[in-house]
Amino acid sequence: MSQDKKVNLHKGHRQRVKEKVMEQGILHLPEHEALELWLYPLIPMKDTNAIAHELINRFGSIQNVFDASPKVLMEVKNMTENAALFLSIFPQMSKIYTSQKFGPKPMLDTVAHAVEYLQNLFLDEKEEAMYMLMLNAKGMLLSSCKVGVGSMDSCQLNTREFIMRTADSQGNCIMIAHNHPSGSASPSYQDCEFTRWLIPFAEVLGINVIDHIIISSEGYYSFRENNMLSNYAGVFKKYLENAKASDKYSMNVRKFTDRK
């Protein structure tokens, strides 16, 4: 076959990809094809398939591509300034979308609902952070605030902030959540010990901890879902019961001594 009659295998490729997505959605596409499609309107006159391959090869995943800065993205061959900018702001746009989707006071009455909300909350957190979510008895979110910041692998609760926020809250239930930016969602020994300490501490303040959820890129871990909260709950209540029993015993001893 002569050079001028050589078949162009890529002819109509963009249209075929678009038709597949129109029929089946984007989730079934290989990662590089999904990214290629995303780049179509941003880089209309170049082969975005090759650019997408290079992006995935360099950064390892679509998530890492979206988390990269425009300056770093611009180092990829044929990447344009507009494309780099729009890729880098996608996580922020996604956060706006999800916030509006949930509304100002979403119902976090199931672990699934809470996880969906939290995944968006931690979307652009590069370090470990801890949030406290204040809810009413029905599971409606009343407010949320960051009560701890840290490094890639540790985070500490700001106790003063925690006390002030719970005192100001109209709800009597809280959910604690933190992220594992660089690893599994499985709780560390420190996470378990923190939860063991937090629950009776909150009980002293008249607050019920309904869950501690860890979010990571690999998934989530719910202490409630794994029946871990029951191991730690009721410590303060037991202390009060023991104190009352002790007081009652002391009173009886005094009465007995007085009679003598």
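Atoms considered below: every heavy atom in the structure, side chains included; atoms not considered: hydrogens, waters and symmetry mates.
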Applying side-chain contact (heavy atoms from CB on, under 4.5 Å) to Asn179 and Leu118, what does each step give before you reach the verdict?
CA-CA 9 Å; Asn179 59 328; Leu118 291 169; over 6 Å; no
Closest heavy-atom contact between Glu31 and Ile62?
OE2-N, 3.0 Å
Hey, are the side chains of Trp197 and Leu157 touching, using non-hydrogen atoms and a 4.5 Å cut-off?
yes
Indicate if Phe66 and Tyr40 have the same hydrophobic cluster label, given that clusters are the connected sets of ILVMFWY residues with side-chain heavy-atom separations under 4.5 angstrom.
no
Minimum heavy-atom distance between Leu42 and Ala83, given as atom pair plus value
CB-CB, 3.9 Å
Assess whether a salt bridge exists between Glu161 and Arg165, defined as any Lys/Arg side-chain N lying under 4.0 Å from an Asp/Glu carboxylate O.
yes
Of the non-hydrogen atoms in Ser217 and Gln63, which two are nearest, and what is the gap between them?
CB-OE1, 3.8 Å
Report yes or no: do Asp191 and His212 form a side-chain donor-acceptor pair below 3.5 Å?
no
Is the CZ atom of Phe201 crowded by more than 12 outside heavy atoms at less than 6.0 Å?
yes
Say you draw a straight line from SG of Cys145 to CE of Met130; how long is it, rounded to the nearest 0.5 Å?
11.5 Å
Side chains of Leu39 and Lys46, heavy atoms from C-beta outward: is any pair under 4.5 Å?
no
Got a salt bridge between Glu193 and Arg196, using NZ or NE/NH1/NH2 to carboxylate O under 4.0 Å?
yes
In the structure I gave you, are the side-chain heavy atoms of Met134 and Ile174 within less than 4.5 Å of one another anywhere?
yes
In terms of heavy-atom contacts, Asp109 and Lys138 come closest through CB-O, 3.8 Å
What is the distance from atom CE of Met175 to atom CG of Asn208, rounded to the nearest 0.5 Å?
11.0 Å
For the residue pair Trp38 and Phe86, establish whether any side-chain heavy-atom pair is separated by less than 4.5 Å.
no
When you group the ILVMFWY residues by side-chain heavy-atom contacts below 4.5 Å and let the links chain together, are Val147 and Ile214 in the same group?
yes
For the side chain of Asn226 and the backbone of Met228, is there at least one donor-acceptor N/O pair under 3.5 Å apart?
no
Quick one: ring-ring contact (aromatic ring centres under 6.0 Å, His included) partners of His28, sequence neighbours excluded?
none
Which of Leu108, Ile176, Ile213, Leu142 passes side-chain contact (heavy atoms from CB on, under 4.5 Å) with Leu133? It is Leu108
Could you state the interatomic distance from CD1 (Ile51) to CD1 (Ile43), rounded to the nearest 0.5 Å?
3.5 Å
Show the numbers, then the answer: is there a side-chain contact (heavy atoms from CB on, under 4.5 Å) between Leu73 and Phe59?
CA-CA 9 Å; Leu73 290 171; Phe59 296 101; 3.8 Å; yes
Sorted by chain and number, sequence neighbours left out, side chain to side chain donor-acceptor pair (under 3.5 Å) with Tyr221 holds for none
Between His53 and Asn57: side-chain donor-acceptor atoms closer than 3.5 Å:
no
When Glu125, Met132, His178 are each screened for side-chain contact (heavy atoms from CB on, under 4.5 Å) with Lys146, the one that passes is Glu125
Where do Ala84 and Pro70 come nearest, in terms of heavy atoms and distance?
CB-O, 3.7 Å
Tracing side-chain contacts under 4.5 Å among Ile, Leu, Val, Met, Phe, Trp and Tyr outward from Met45 reaches none
In a table with atom names and distances, give each donor-acceptor pair under 3.5 Å that connects a side chain of residues 89-97 to protein atoms at least two apart or in another chain.
unit_1: Lys95; atom_1: NZ; unit_2: Leu121; atom_2: O; d: 3.2
unit_1: Lys95; atom_1: NZ; unit_2: Asp124; atom_2: OD1; d: 3.1

Side chains of Glu127 and Val149, heavy atoms from C-beta outward: is any pair under 4.5 Å?
no
Under a single-linkage rule joining Ile, Leu, Val, Met, Phe, Trp and Tyr whose side-chain heavy atoms are separated by less than 4.5 Å, which residues share a cluster with Met140?
Met107
Decide side-chain contact (heavy atoms from CB on, under 4.5 Å) for Ile215 and Val115; before the verdict, give the C-alpha distance in whole Å, the side-chain angles of both, and the deciding distance to 0.1 Å.
CA-CA 8 Å; Ile215 299 292; Val115 168; 4.3 Å; yes
Can you tell me how far CE of Met164 sits from OG1 of Thr159, rounded to the nearest 0.5 angstrom?
13.0 Å
Within a radius of less than 6.0 Å around CD of Glu81, do more than 12 heavy atoms belonging to other residues, nucleotides or ligands occur?
no
Sorted by chain and residue number, the side-chain contact (heavy atoms from CB on, under 4.5 Å) partners of Arg224 (sequence neighbours excluded) come out as Ile210, Asp211, Ser222, Leu229
Between Leu87 and Leu35, does the side-chain contact (heavy atoms from CB on, under 4.5 Å) criterion hold? Intermediate values first, please.
CA-CA 10 Å; Leu87 285 175; Leu35 187 55; 4.2 Å; yes
Any chance you could measure Arg58, atom CZ, to Lys77, atom NZ, to the nearest 0.5 Å?
14.0 Å
Closest approach of Ala68 to Ser88 (non-hydrogen atoms, all atoms of both residues)
O-CB, 3.5 Å
Nearest 0.5 Å please: distance from the CD1 atom of Ile199 over to the CZ atom of Phe223.
8.5 Å
